[in-house]
Amino acid sequence: MVARSDNHVIGKDNDLVWYMPADLKYFKETTSGHYVAMGRKTYESVDKPLPNRLNIIITRQNDYYRENCIVTHSLEEALELGEKNGQQELFILGGSQIYKLALDIADRIYLTEIHGEFEGDAFFPEIDYETWQEVKREDHDADEKNPHPYSFVVLERR
Ligand SMILES: NC(=O)c1ccc[n+]([C@@H]2O[C@H](COP(=O)([O-])OP(=O)(O)OC[C@H]3O[C@@H](n4cnc5c(N)ncnc54)[C@H](OP(=O)(O)O)[C@@H]3O)[C@@H](O)[C@H]2O)c1
């Protein structure tokens, strides 16, 4: 699951570069009650577990610990954990390094397009539309709370 600008930016200085409450609400509604996995840097950008979700942190560090989180050392290990516990879907929450790995194995992308060009240092990889098919799109204008136009898009592996 990712929010990405038109020029593929997802973050800067280990933080987001926009404030879009509609997307935060969509993110919360979509992921609540599920397992979520993220890279260590993304986790530390907030540094507390997302409530009502099982938080899995991916790191190469052997002694990494965060209270109320599960630590794994690969994306595969995170997926196995979800499968073993009967999860139909495990949400991969980034960041850039983890998305690169995830794009090869994910079945679905929940993509929020934030329409605009932003400066950043973390990017989402190019989506190959020969591999991915758009199955849902919901376009929204900017409004008083959400300063940029945005689209909720779902893509599935062909
Ligand atoms: N817009 C969005 O939807 C969105 C979503 C998430 C994040 N972001 C942004 O993305 C940026 C962070 O992305 P990032 O690429 O810098 O960091 P990241 O992907 O969140 O985390 C990178 C860390 O993950 C661990 N890791 C990476 N590959 C691994 C592997 N193969 N096996 C085991 N562990 C591995 C390493 O942790 P160790 O160093 O501990 O070994 C690495 O330092 C921030 O700006 C954040 O705000 C945006």
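Residues: numbered from 1 along the sequence shown. Ligands are counted one by one from 1 in listed order, and the atoms in each one are counted from 1 as well.
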Worksheet item: What atoms in ligand 1 come closer than 4.0 Å to a heavy atom of G11?
Response: 45 (O)

Discussion item. Regarding R137 and D139, does a basic nitrogen lie under 4.0 Å from an acidic carboxylate oxygen?
Written reply: yes

Worksheet item: Does some non-hydrogen atom of Y99 fall short of 4.0 Å from ligand 1?
Response: yes

Fill in: Backbone of F118 reached by a side-chain donor or acceptor of N7 within 3.5 Å
yes

Fill in: Pairwise distance OG(S151) to CG(D141) - rounded to 0.5 angstrom
9.5 Å

Discussion item. What protein heavy atom lies closest to atom 13 (O) of ligand 1? Include the residue and the distance to one decimal.
Written reply: S96 N, 3.2 Å

Worksheet item: What part of L93 sits under 4.0 Å from ligand 1 if we count only heavy atoms: the side chain, the backbone, both or neither?
Response: backbone

Discussion item. Checking the side chain of T42 only, and the main-chain atoms of M38 only, is there a donor and an acceptor separated by less than 3.5 Å?
Written reply: no

Response to the item:
Closest to atom 44 (C) of ligand 1 among protein heavy atoms sits N14 OD1, 3.4 Å

Fill in: Heavy atom of the protein closest to atom 11 (C) of ligand 1 (residue, atom name, distance)
A122 CB, 3.7 Å

Item to complete: Might you point out which heavy atoms bring I10 and W18 nearest each other, and give the distance in Å?
Response: CA-CH2, 4.2 Å

Fill in: Protein contact of atom 20 (O) of ligand 1 - nearest heavy atom, named by residue and atom, plus distance
T42 OG1, 2.6 Å

Discussion item. Tell me whether the count of non-hydrogen atoms from other residues, nucleotides or ligands lying under 6.0 Å of CG in D143 goes above 12.
Written reply: yes

Discussion item. Under a 4.0 angstrom heavy-atom cut-off, which atoms of ligand 1 come close to G95?
Written reply: 6 (C), 7 (C), 10 (O), 13 (O), 15 (O), 18 (P), 19 (O), 20 (O)

Discussion item. Please check this pair: side chain of N52 against backbone of G33, looking for a donor-acceptor N/O pair closer than 3.5 Å.
Written reply: no

Worksheet entry | Contact atoms of ligand 1, heavy-atom distance to Q61 under 4.0 Å | 38 (P), 40 (O), 41 (O)

Item to complete: Just jot down the ligand 1 atoms closer than 4.0 angstrom to any heavy atom of L16, in number order.
Response: 1 (N), 2 (C), 4 (C), 47 (O), 48 (C)

Response to the item:
For atom 29 (C) of ligand 1, the closest protein heavy atom turns out to be R60 NH2, 3.4 Å

Discussion item. Salt bridge or not between R108 and E89? Use side-chain N to carboxylate O under 4.0 Å.
Written reply: yes

Worksheet, complete the sentence: of all protein heavy atoms, closest to atom 3 (O) of ligand 1 is A3 N, 2.9 Å

Fill in: Residue portion contacting ligand 1 (non-hydrogen atoms closer than 4.0 Å) for K12
backbone

Item to complete: Run the numbers for me: atoms of ligand 1, each under 4.0 Å from some heavy atom of H73, listed by number.
Response: 32 (N), 33 (C)

Practice prompt. Could you check atom 39 (O) of ligand 1 against the protein and tell me its nearest heavy-atom contact, residue, atom and distance included?
Written response: R40 NH2, 2.8 Å

Worksheet item: Can we call the ring centroids of Y64 and H73 under 6.0 Å apart?
Response: no

Worksheet item: Atom NE2 of H140 and atom CG of N146: how far apart are they, to the nearest 0.5 Å?
Response: 9.0 Å

Worksheet item: By number and element, which atoms of ligand 1 are closer than 4.0 Å to a non-hydrogen atom of L101?
Response: 31 (N)

Response to the item:
Atoms of ligand 1 under 4.0 Å from any heavy atom of V2, numbered from 1 in the order shown, are 3 (O)

Discussion item. Considering both backbone and side-chain atoms of T59, is one of its nitrogen or oxygen atoms within less than 3.5 Å of a nitrogen or oxygen in ligand 1?
Written reply: yes

Item to complete: Before signing off on this row, confirm whether Q97 and ligand 1 have an N or O atom pair separated by under 3.5 Å.
Response: yes

Fill in: Under-4.0 Å salt bridge between R40 and E44
yes

Practice prompt. May I ask you to check if ligand 1 and D15 share an N or O to N or O distance below 3.5 Å?
Written response: yes

Response to the item:
The closest protein heavy-atom partner of atom 48 (C) of ligand 1 is I10 O, 3.1 Å

Response to the item:
Heavy-atom closest pair (L90 atom, A78 atom, distance to 0.1 Å) is CD1-O, 3.4 Å

Worksheet item: Does a salt bridge link E119 with K12, judged by any charged N lying under 4.0 Å from a carboxylate O?
Response: yes

